[in-house]
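Proteins come first, then strands; the chains are lettered A, B, ... in the order of their sequence lines, and each starts at number 1.
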Number of protein chains: 2
Amino acid sequence: MTNATRPPTARDEAGLLAAVTRYERALMADDLAVLDELFAPGPATLRAEGTGVLVGSDHIAAFRATRGGAPARWPRRVHVRWTGPHDAYVVAESDREHGAGVQTQWWRRHEDGGGDGDGDGWRVHAAHVSGGPVGAAPVDPGAADDPATWRVRGTPLAAGADSGPLRGVRVAVKDLVAVAGHRVGGGVPAWLEQAPVEEAHAPALQRLLDAGAEVAGIAQTDELAFSLTGVNEHSGTPVNPRAPGRVPGGSSSGSAAAVAAGTADLGLGTDTAGSLRVPGSYCGLYAWRPTHGAVPVEGVLPLAQDFDTVGLLARDGATLRRAGRALLGAADGGDRPEALLRSRTLLELATPETALAVEAALAALAVATGLPVRDVDVPADAPAEWTAAFRTVQAAQAWANHGAFLEADPDAVSPSVAARFRAGAALDDEQRAAAREVVARTRTWLDGLLAQGWLCLPSTSTPAPRREAGPDGFEAARAGTLPLTTLASQCGVPALGLPWGRVGDLPVGLCVLAPRGADADLLALLDGLGPA
Amino acid sequence: MTNATRPPTARDEAGLLAAVTRYERALMADDLAVLDELFAPGPATLRAEGTGVLVGSDHIAAFRATRGGAPARWPRRVHVRWTGPHDAYVVAESDREHGAGVQTQWWRRHEDGGGDGDGDGWRVHAAHVSGGPVGAAPVDPGAADDPATWRVRGTPLAAGADSGPLRGVRVAVKDLVAVAGHRVGGGVPAWLEQAPVEEAHAPALQRLLDAGAEVAGIAQTDELAFSLTGVNEHSGTPVNPRAPGRVPGGSSSGSAAAVAAGTADLGLGTDTAGSLRVPGSYCGLYAWRPTHGAVPVEGVLPLAQDFDTVGLLARDGATLRRAGRALLGAADGGDRPEALLRSRTLLELATPETALAVEAALAALAVATGLPVRDVDVPADAPAEWTAAFRTVQAAQAWANHGAFLEADPDAVSPSVAARFRAGAALDDEQRAAAREVVARTRTWLDGLLAQGWLCLPSTSTPAPRREAGPDGFEAARAGTLPLTTLASQCGVPALGLPWGRVGDLPVGLCVLAPRGADADLLALLDGLGPA
């Protein structure tokens, strides 16, 4: 008996996914010739939906010829289960806001197919289609007016340009980013108290306002951005609108919660060790961490300058792309990689069910883009090594930034966050130098890898932890996720989180890393992936 | 690559269908322990419906534990496609009037299973469920008042007993059966003209009236019952309510059309060579041809006494069973066979798509009853031989019955029917004796076969032919179907037609033959097969 979740060979998988891509494109184009070709000929072929089963390729073709095309669908998860080298069971799932439900297909490769990995020879022998209700994903009703989400709200708090590509887009600004006329609170009351009123917007925010966006408010953050959970002992834990009873993730916690709840359309936040990608994963949002240095960090409270970035969260890919272009001030981009890269080592940093969810999202991305998936080797001990190095450099810089403040007011932040800062105080030059050497080596290695394609990995090792998990549970979640998030952080490469995975009802992100500076290309990946 | 529609071995198929039976029963009983056991454990197991996909057996079990049972469903077709010796793709389909839609399952046999044919070791690795609208099957709107269906209607034409198990059941009486106060028309105007007014109901009809049924009217028949198409040049071709543009089948054509249209609940007709089973198959009705001699044929115009029977048509199995008990005046029955027998030779007498439809219905019957399917050998040349013998004896007796009438009025019936009668005039004693010998041999052979189980075969070789098929098309349909129908006819065994097959939208019957005299057992098969 074969392993039901792994393809017999890479070529088998490439051929199957290429055939699925061809099928989905033909379906959306109502290209009857291709659809008929991809269904196995003969009387035994099956097509089922709730109202009945068509038996025989002739009946299926006749049905297709008269229905005038299928409803639009955008698969977000493609679950592939192999029953043998020539047979696979494929379940493709569209999210509710992206059209009709679920289709199941039994694909078989025929011996007369070319077998050259382009989908030749694969045929559907049985299909089952069912549509669910179309509509927005459910949102926790307690989320809209959650006091733990916002520190300041306005109608708007700051207006943008009268026209532009972001006109009407409401931004939840993380409370690390300067908003003219307001203080930066940093998630710490004692910090807020001593902070000056900002005279100007941070340049990154100004770029969004110049493109027509407006500031809906200043959203809460984890204390000095040094956490990934979204738990803040001072302001409370924002409700995760998409995962009731779970934390929202952080440190861009309030921005994520507000966008997921629909009280903002765009989150402007920061990502040092995953502070956009993690709440994006936990709250079911698109997240973009730019190339280090590609978006100005002036006017933003620093945590660890080697890794700090300013980026975005959005409910849909089109908004993220438009806002990303405004932040970059860059050309369109659109160069595509040769392949999507998958690493078993990285997948296995997530729990088994999270890894399966991310693999399904990755297969959906391969189907949507038509890009092949290629397996790459990551040494099993590398993630632990790069994570430790990152944490060393991060802690040293964080202490350099905020040590004086924390020495003066040791109770300003909670014990677990304080401990992270203090770890930086204890580091000697040799430790810091050794860590920097690992970071440099990791960058070189990843640059080589990304020349082959874009690396796809879980955004987080699990979906959002329960609110009652407590400090030990949150620490475990952070420790599990850092090996996944710190790779992009220390290498300075851009990362795009797609909120396509599901573990039960809980969202979990698929993260795509591109070469340094390829932000416009990475954002262009969002074109054609779903409704604008 | 294996043949996708045949099981690797009989034991593989028996094990799989036993597992499906166990699953369906556990589902209807909401037996969570069995359901959980039958789903493969682990994070990769899938369960899809229109609203989304659950991934992992734990999530599936949790869903099942809280939903409070599944909607009732009664699979009518179970399509099995084998992807390998350990893997099968199963699509089970319920008709709209029998509950929620369609489920697809990928079953895999685990090596730790017993493999002893009782379903051990088979597990669901992926399932997809979708519900369709529940309600009556669609009926051609032109069917209700079709003048070609009825010769006489009343409100009622004859009342039944004030109480009884058939109270309120409206009977469409075939125009071969005596209704007191009316002539028997036999589908031929010249016959009607010379027929006497009947003084009493035929005893078979009287039994139904004594049980509370009433006569809704006298329904059209093919000329002197010597046809299987339902085309009558004098009164027209009744609309087939379930297959627009198609013939209804005959010779109990009007009774079938009336019951399918809902203007009657029960058809009282005759079956010599298939005249109940064929219209039952074409119109999507349950049909019962009794053991020869089990129901009195007095007061019924004969065609060929060696084979003539009086039997029933109904839209649902429960009505058929109640009416059958009234006709038999017999005890309940309920003995079950050891197995359901399937013959590749007999299936291949039907078109490939009809054979697949009947196989799917047979698998559904196996699942519903829990009876195993066993393949039996029928010599390839036997059907042609028994059909020829039957036609010889039938033609001889038909000529003996009606030759004088047709000699006196050669234009009373249409040329094709006249030719069938005339074939009987040309037979010599030797031909008749040789035919009777084949019939006797066939009876002995079938008796031996039916001691092993009940034989399941297509009711007809195709679904209903198009109305415009013309004499050659109708003759071809009759010639294709006679090898299937005349087996029960010449052996005198009871036959039950289940309207479960579908070719495209068209119904086609699965026919079950039981040992001579086992009518009550055969009708008891209808218990537990679906809503009353």
So which part of B:A127 gets closer than 4.5 Å to some heavy atom of chain A, the side chain, the backbone, both or neither?
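Contact with chain A involves the backbone of B:A127 alone.
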
Residue B:V91 versus chain A: region with a heavy atom under 4.5 Å:
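Answer is side chain: those atoms of B:V91 sit under 4.5 Å from chain A.
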
Find out whether the Lys NZ or Arg CZ of A:R108 is both under 6.0 angstrom from the six-membered ring centre of B:Y89 and within 45° of the ring's axis.
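A:R108 over B:Y89 ring: no.
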
List the atom of B:W82, the atom of B:D12, and the distance in Å for their closest heavy-atom pair.
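Here B:W82 and B:D12 meet closest at CH2-O, 3.5 Å.
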
Which heavy-atom pair separates B:A477 from B:Y282 by the least distance, and what is that distance?
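That closest heavy-atom pairing would be CB-OH, 4.3 Å.
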
Under 4.5 Å from any heavy atom of chain B, what part of [X] do you find: side chain, backbone, both or neither?
X: A:A92; value: neither
X: A:V503; value: both
X: A:E359; value: neither

Under 4.5 Å, counting heavy-atom pairs only, tell me which of B:A357, B:G52, B:P352 racks up the most with chain A.
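Going by pairs under 4.5 Å, I would pick B:G52.
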
Tell me, out of A:A44, A:P43, A:G504, who's got the most heavy-atom pairs with chain B below 4.5 Å.
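Ranked by contacts with chain B, first place is A:A44.
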
Check whether any side-chain heavy atom of B:S461 sits under 4.5 Å from a side-chain heavy atom of B:T351, and report yes or no.
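No; the side chains remain at least 4.5 Å from each other.
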
Taking the six-membered ring for Trp, are A:F39 and A:Y23 parallel (under 30°), tilted (30 to 60°) or perpendicular (over 60°)?
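Tilted, since the angle between the ring planes falls between 30° and 60°.
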
In terms of side-chain heavy atoms, does A:S281 have a donor or acceptor partner in A:S459 at a distance below 3.5 Å?
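No.
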
